[in-house]
Amino acid sequence: MVVEGESLPKGPVCNFQAWWLTYFDWSALAWVCLITLNLYFNLVREVSTNKYEMLYHLMAWGVPLVMASLPLLKGYYGPAGAWCWITDDHVAWRFGIWYVPLFSLIFLMICCYARIICVANQRMQSWLGTFNPERERRKVSLAEEIKPLKWYPSVYLLVSIFPLINRLHNAFYSQEPSFTLTLLHVLSAPLHGLANAFVFGLDRDCWKLLSPTGLQLALQSRLCDRTRIGEYRPEEVRYTQAGLSDLDDDDDDDDTNVLFYSPNMTLKDRGP
């Protein structure tokens with residue numbers, strides 16, 4: 001693939017490549033934003049977000065689907081430099097579909113993390129008059145959790161600078177592409193996933209969870225947890241002096257529980 005010029009001729013394959021890149025770039029951005037939002041709700045608002053899991057998935061996969069499909073339906077995808085994307089004839093769509101939302105969300109994430117760090121520092125330094133081991137443990141855990149996550153906006157900002165500059169140059173000088181800017185664009189744009197993985201790997205506990213045992217336990221707890229908790233009803237419990245192995249076959253259909261066996265046991269009514 002050459003750095004300048006058309007990577008693919010306009011057609012279904014080029015459209016698919018453009019849609020694929022747009023969809024998964026948006027999906028990665030959506031998950032980073034939702035991680036930030038989840039941390040903000042948990043720490044600043046002190047709201048449990050377990051019930052929002054399905055909503056998170058809907059947003060992280062649904063919003064990218066809409067954003068990637070709009071240019072496809074309009075027919076705006078085509079050769080756009082080193083790869084297929086929104087063509088040079090539709091510059092406004094380039095910025096409306098990707099760059100304006102991208103830097104707006106980066107700014108909002110920076111604001112959220114500034115607020116999160118401020119609240120976390122206040123709680124780390126707070127003293128309620130008594131020592132609570134659980135509270136102190138949560139403070140340390142909170143600080144460790146925030147430490148790697150706060151780099152997500154910085155990562156997106158750094159790897160998006162050169163693509164933005166190159167697209168701005170294309171908008172004003174569409175007939176004079178810059179080899180240097182295009183090269184920097186090509187080198188930095190695919191680094192979103194690698195940079196996110198590097199930031200995610202800064203958490204030491206993450207590496208422990210990625211062990212074979214940790215993955216197996218996570219999978220079992222997610223898919224194979226069939227623990228049933230039944231209600232204890234005293235009226236369904238009966239005492240018997242017959243051997244448990246000598247119970248009649250008819251008892252199999254009886255919905256009662258044989259609690260224990262003692263041949264010399266005498267039941268006494270102790271009253272209310």
Side-chain angles (χ1 to χ4, degrees), residues 15-74 76-77 85-86 90 92-120 142 145-160 163-164 167 189-203 205-206 209-210 215 218-219 221-223 225:
N15 291 338
F16 176 76
Q17 183 192 72
W19 181 89
W20 182 273
L21 292 174
T22 305
Y23 179 80
F24 284 102
D25 281 345
W26 257 106
S27 181
L29 176 62
W31 277 116
V32 171
C33 292
L34 289 172
I35 290 173
T36 304
L37 182 64
N38 188 77
L39 189 60
Y40 179 84
F41 280 150
N42 287 337
L43 177 62
V44 179
R45 296 297 182 88
E46 297 183 346
V47 175
S48 176
T49 56
N50 294 334
K51 58 183 178 181
Y52 298 144
E53 181 179 355
M54 293 304 300
L55 179 61
Y56 286 166
H57 279 280
L58 181 63
M59 295 178 63
W61 304 117
V63 172
L65 180 62
V66 173
M67 300 301 286
S69 299
L70 287 176
L72 180 64
L73 297 176
K74 289 288 186 177
Y76 293 162
Y77 284 142
W85 197 46
I86 301 173
H90 306 94
W93 274 76
R94 286 180 173 180
F95 289 90
I97 287 293
W98 179 243
Y99 289 105
V100 172
L102 171 65
F103 284 91
S104 299
L105 291 173
I106 288 175
F107 175 76
L108 292 176
M109 283 192 289
I110 292 175
C111 293
C112 282
Y113 276 111
R115 177 60 177 164
I116 289 170
I117 293 173
C118 180
V119 171
L142 183 63
E145 183 178 359
I146 294 175
K147 189 182 300 181
L149 294 180
K150 65 183 180 182
W151 292 107
Y152 277 127
S154 303
V155 164
Y156 261 92
L157 184 62
L158 290 176
V159 300
S160 301
L164 175 64
R167 293 306 183 186
L191 294 179
H192 284 106
L194 178 62
N196 287 336
F198 177 77
V199 172
F200 193 73
L202 293 178
D203 186 6
D205 293 334
C206 171
L209 296 176
L210 291 177
L215 293 175
L219 185 62
S221 64
R222 183 67 178 176
L223 302 177
D225 186 8

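Interatomic distance, CD1 of Ile116 versus SG of Cys111, reported as 11.0 Å (0.5 Å rounding). With rounding to the nearest 0.5 Å, the separation of CD1 in Ile97 from CG in Leu102 is 13.0 Å. One distance of note links CG of Asn38 with OG of Ser48; it measures 9.0 Å at 0.5 Å rounding. The NE2 atom of His57 sits 10.0 Å away from atom CG of Leu34, with the distance rounded to the nearest 0.5 Å. Rounding to the nearest 0.5 Å places CE of Met59 at 13.5 Å from CE of Met54. Phe41 contributes atom CZ, which lies 11.5 Å from atom OG1 of Thr36 (distance to the nearest 0.5 angstrom).
Shown here are the salt bridge (Lys or Arg N to Asp or Glu O under 4.0 Å) partners of Arg167, two or more places apart in sequence or in another chain: there are none.
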(message) Using side chain to side chain contact (heavy atoms under 4.5 Å, CB included), reason through Leu70 and Trp93 one step at a time and then give a plain yes or no.
(response) CA-CA 10 Å; Leu70 287 176; Trp93 274 76; 3.9 Å; yes
(request) Verify side chain to side chain donor-acceptor pair (under 3.5 Å) between Trp61 and Ser27, making sure each step is shown before the conclusion. (result) CA-CA 6 Å; Trp61 304 117; Ser27 181; over 6 Å; no
(request) May I have the step-by-step check of side chain to side chain contact (heavy atoms under 4.5 Å, CB included) for Phe95 and Leu164, ending in yes or no? (result) CA-CA 9 Å; Phe95 289 90; Leu164 175 64; 3.8 Å; yes
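Contact check for Tyr56 versus Thr49: side-chain heavy atoms found under the 4.5 Å cut-off. The shortest distance between side-chain heavy atoms of Tyr99 and Pro163 falls below 4.5 Å. Contact of the Ile110 side chain with the Ile106 side chain is registered, since non-hydrogen atoms from C-beta on lie closer than 4.5 Å. Val119 is not listed as a side-chain neighbour of Tyr40, based on a closest heavy-atom distance of 4.5 Å or more.
Here the closest non-hydrogen pair linking Met109 and Leu29 is CE-CD1, 4.4 Å. In this structure, Gly96 and Met67 approach most closely via the heavy-atom pair O-CE, 4.3 Å.
Using bins of under 30°, 30° to 60° and over 60° for the plane-to-plane angle, the ring pair Trp20/Phe16 lands in the tilted bin.
Heavy-atom contacts from other residues, nucleotides or ligands closer than 6.0 Å to OH of Tyr23 number more than 12. In Phe24, the CZ atom is crowded: over 12 heavy atoms of neighbouring residues, nucleotides or ligands sit closer than 6.0 Å.
Formation of a donor-acceptor pair under 3.5 Å by the Trp26 side chain with backbone atoms of Val66 is not found in this model.
Between the side chains of Trp85 and Thr22, at least one donor N or O lies within less than 3.5 Å of an accepting N or O.
Among Trp19, Tyr77, Trp98, the one residue that satisfies the side chain to side chain contact (heavy atoms under 4.5 Å, CB included) test with Pro71 is Tyr77.
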